[in-house]
Amino acid sequence: MSDVEVKKALCFGCHSNCGILATVEDGKITKLEGDPQCPINQGKVCERVGFQLEWLDHPKRLNYPMKRVGERGSGKWERISWDQACKEIGEKLHQLADEVGPETVVFSHGTGRSDEWYISRFFNLYGSPNESMGGAEMCWCPTYTIESTTFGQFAATSTAPSTQCVVFWGRNPSACGDFPEHWGYEQLFGANPNAKMIVVDPRCTEYAARADLWLRLRPGTDGALAMGWMNVIINEELYDKEFVSTWTYGFDQLKEAVQAYPPEKVEEITWVPADKIRAAARMYATIRPCFMPWGLPTDTIGRNMAQANRAKALLKALVGVNMMGQTYLAPPNDVRPLAELEMPGILPKSQREKQLGADRFPFHSWPSYQKISDAQSRVFHHPYFLNQDATCAQNWSVVSQAIKTGKPYPVKGMICFASNPFSNLSNSKDVYDCLKRLDLLVTHEYTMTPCAMLSDYVLPAAGWLERVQVWGTNGGGPAISGVALTGDQVIEPLYERRDNYAFWRSLAEGTFDEETFAKYWPWEDSEEANDFMLEPLNVKSADTVGRPVFCPSPDKWHELTDPQTGELFGFGTPTGKVEIASTILEDLFGPEEAVPYYEEPFESPVSTPDIAAEFPLILTAGSRFMPYYHSEYRQVEGCRERYPDPYFQIHPETAAELGIGDGMWCWIETLRGRCMQRAKLDAGILPQVISAQHGWWFPELPEEDPWLGGWFMSNINMCTDNEVENCCKLTGVYNMKLAQCKVYKAAPAPFNTFTK
Ligand SMILES: Nc1nc2c(c(=O)[nH]1)N[C@H]1C(S)=C(S)[C@@H](COP(=O)(O)OP(=O)(O)OC[C@H]3O[C@@H](n4cnc5c(=O)[nH]c(N)nc54)[C@H](O)[C@@H]3O)O[C@H]1N2
Ligand SMILES: Nc1nc2c(c(=O)[nH]1)N[C@H]1C(S)=C(S)[C@@H](COP(=O)(O)OP(=O)(O)OC[C@H]3O[C@@H](n4cnc5c(=O)[nH]c(N)nc54)[C@H](O)[C@@H]3O)O[C@H]1N2
Ligand code: SF4
Ligand SMILES: [Mo]
C-alpha cells in the first residue's frame, strides 16, 4: 500500500498564490490541481501549473551553495557548505562596512517575491539604507507611496458584485499572470453583463476588444489624459460633491489646474479623440460603484510618473473612496505592525540620511516614508505602517552612478534575491558594466541567471512546494491587508536548497554576533516567523493553511470613531482628509508639485523631434504574455518548446513600409542599444507604436562571460534608459517602458537556439 497525502499549498509560479492541492505518494509529489476551497482561485489554475513539477527537479535548478573560484564570470565554481558561505559573506560584509560603511551594500529586489519583512530587518540591523533597488522603485510601489500620500493608505481597490464600471488603465489582466484577478473580472462581467468596461491602452488587448470604450492613447501621455477626464468631471459637476466637500483637501486647486486640459487639447497630446475623452469621463463618474485597478505602465514612464499617478489617484478621490465595490482602503487592523517586523527604528538616523538618491529624489525614499508614516500613525496607531522596502526605494540610475563614479560614496556590494537585474532593470549594458565592478555579489536563486553567473556566491533556493508559503507578502502581507493565509510545505527542500526565510536567517547568523543574532532572529524556521507575525490575531501559521483569517473591514471606516482614542478616524494624511492638494509634496518640493500636471516623456516625437527623426517609432517594452513570468521558465521544456522565441507587435502598414513580414527576425534599436525579436503583425496597435516582450535570455547558451546566457541578444532592456536626468524628478523612477526606436530586418539568418 502506498502512503498518499494531499496537502494544501499556495502556488508561487507567479506572485498570485493560488491554492493548490498537492498529492504526495511515498514522499514524491505526483499531482498538482487547483484547490476548489481556496478563496483566491476557487479551484482554477493557469497553464504554468502544468510544468511546476518539471521545474521542481529540473537539471538547471541550483542544488548546492557555490563559490566562485576563477575570475568573475569565468564559470568556475567550488561547492561549499551553507555555513562556510554565510560565514565568508558575513566577513566580507564587515570588511565593506569598515572600509566604506554599510551603505555600500545594496539589495536587488524583484517582483512581489522579495517583499518579505525579514529582508528589511536584515538591512536595518546591518545599517544599510539601500535595501530596495529594482522592483520596488518601478512596480506598484510608486503607486503605493503616491496613494498613501493621497489617501493615507494604499487604495487597495476591490470589486464586489455591485461594481458597475471598471477602468483598465494600462492593465491587461488577460495576459498578466495575475490570474485570480482575471477570473474575478470574468465572474463580475459574467454575473452582470450590463457592467461597463473602459480600457486605456495603445494596443487592442482581449479586454479592449470587448470594452464599451477603448482609448488608444499615445504611450506615456497618461497624465494628460487623466487631467482631461478630471476637466470634464469637474466642469460638468459629475463628482461626488458630498464626499469631496467633507473629506477632501485642496479641491479648488485641482479645479483650477484642470482648466489647462480641455479635451481638445488633450486629444492633441494623447491622440485620443476629444469626444471619447468626454464619453469615458462621463461613464466613469456617473456609473457607480466604479473602480480602477492598479496598472504597471504609469509606474514606469519616468519623467511624469509621480504626477500621472497622482492624477489617477485623484480620479478615485473625485468619486469617493472607502466604499465596497469602489476604491477601498484596508482599515486599521490588529495584525503585528510592520514597525515590529521590519524594525525601521533600528536604522540610525545618520544612516537613513545616506540613502542613495534621497537628497535629489525625496519622494519614494526615507524623507517621504517618514512623513507618510508620521501622518498615518494617528489612524493606524503606530509609526511605520508602510512596508519599508516598498516605500524606501533607491534608484537604479543613482546606484549605477555610485558604482561607476564612487559618488556620493562607492557601492561595492549587492545581495540579489528573487530578482534578475539583467532582465528587470533598464539599460542592461549598464547593468553588466556595474555588476562586473562589484567586490561582493551574492545571489539566492532557483537557477543560474546571468546575475548568478557573475556572482561570488550563489545559494540555492527552495521553491513554493518545498516551503511554508505565506500569502500576500507583496506590500506587507497581513500587516497591511489584514488577511492571513498560508500554504503548507509539501515536501522537505530537495538537496541543500533553503527557503527565503532560511537564507536571510543564515546570512544573519554569518553576519551578526551571537547576542544580536539571538535577539533579532529567534525563529528557527519560516513557520515560527509566520507565527510571530500572526500572533496578535490569536492564530498559528498552521491554523491558516487553507483557511484564511480576515480582520473585520467596515464600510466607510473613516467616518467611524476610533475606539482607542475616541476621535473620528478620518484618513491617515497630515490633514486627516484625502489630499487632493498634497501637503507632503508641497513640503518636499514646494506648491508647484501639490496638484498634478503633465510633462512629456524624456524621448518623444514632441520633446525630442531630432531623435524621433532617426528613431520614429514609439517603443513600449514589456507588455505581459503567457506563460512566461519575467525572465523565468526559458529553460523549462514544457514551456519553452511551445513558446520558443521573443516577439514584438507591429502594425501591418508600418511593417509593410519597412519590408517586414510576419515572423521575421528584426533588430529593435534605440540610442542605448539594440536587441533581436521576431515581428508579429497586429492591426490593433497604433501604427506609430511597437510593443516588445521583456525577460528574454537563452539559458541553453554558455554561462561564461561574455555569453552569460545570451542576456544581450533579445533583451528589450538593451534599449531602455536609466539616465538620472531623465527620471521622474520627484521619485527618481527611470523610464522602463518607453523610448523612441527604429526597427529593421535582422539579416541574414535568424537564430533560434532552442528549437534548432
Ligand atoms: N505572463 C506574465 N504575467 C505577469 C508578469 C509577467 O512577467 N508575465 N509580471 C507580473 C508583474 S510583476 C506585473 S507588475 C504585472 C503587470 O501587468 P500589467 O499591469 O497588466 O502591465 P503591462 O502588461 O506592462 O501593461 C498593461 C497594458 O498597458 C499597455 N500600455 C503600454 N504602455 C502604456 C502606456 O503608456 N499607457 C497605458 N495606459 N497603457 C500602456 C500595454 O499595451 C498592456 O496591454 O504583470 C504580472 N503578471
Ligand atoms: N522593459 C521592462 N522591464 C521590466 C518590466 C517591463 O514591463 N518592461 N517589468 C518590470 C517589473 S513590473 C518587475 S516586477 C520586474 C521583475 O523583476 P524580477 O522579479 O527581477 O524578474 P524575474 O526575471 O522574474 O527574476 C526573478 C528571479 O527570482 C527567482 N525567484 C523566483 N521566486 C523566488 C523565490 O521565492 N526566492 C528566490 N530566492 N528566488 C526566486 C527566479 O528564478 C528569477 O530568476 O521587471 C521589471 N522589468
Ligand atoms: S496564476 Fe500564478 S499562482 Fe495561480 S496557478 Fe498560475 S502560476 Fe500559480
Ligand atoms: Mo511588477
Between [Y] and [X], is there a side-chain donor-acceptor contact under 3.5 Å, judged purely by atom types and distance?
| X | Y | result |
| --- | --- | --- |
| Y744 | R674 | yes |
| W396 | N427 | no |
| E147 | T143 | no |
| H15 | T111 | yes |
| D721 | S426 | no |
| T720 | R672 | no |

On the 0 to 90° scale, with breaks at 30° and 60°, tag the Y185-F168 ring pair as parallel, tilted or perpendicular.
perpendicular
For residues W665 and S714, report the shortest heavy-atom separation together with the two atoms involved.
CZ3-OG, 4.2 Å
Crowding at CD, E653 (>12 non-hydrogen neighbours, <6.0 Å):
no
4.5 Å side-chain heavy-atom contact, R216 and V272
no
Do we get R634 above Y628's six-membered ring, with its NZ or CZ under 6.0 Å from the centre and within 45° of the axis?
yes
Only pairs at least two apart or in different chains count here, so list each side-chain hydrogen bond (donor to acceptor under 3.5 Å, both in side chains) that has a residue in residues 608-621.
E614-K742
Going by the rule ring pair (Phe, Tyr, Trp, His ring centres under 6.0 Å), which residues pair with W169 if we only count those two or more places apart in sequence or in a different chain?
W229
Run C675 and I716 through side-chain contact (heavy atoms from CB on, under 4.5 Å) and show every step you take.
CA-CA 6 Å; C675 74; I716 199 62; 3.8 Å; yes
Check against side chain to side chain donor-acceptor pair (under 3.5 Å), D430 and S400
CA-CA 8 Å; D430 196 43; S400 152; 2.6 Å; yes
List, one per line, each side-chain donor-acceptor pair under 3.5 Å for residues 258-267, sequence neighbours excluded.
unit_1, atom_1, unit_2, atom_2, d
Q259, OE1, N235, ND2, 3.1
Q259, NE2, N235, OD1, 3.0
Q259, NE2, K255, O, 2.8
Y261, OH, Y598, N, 2.8
E264, OE1, R278, NH2, 3.1
E264, OE2, R278, NH1, 3.3
E264, OE2, R278, NH2, 3.4
K265, NZ, A260, O, 3.1
E267, OE1, A274, N, 2.8

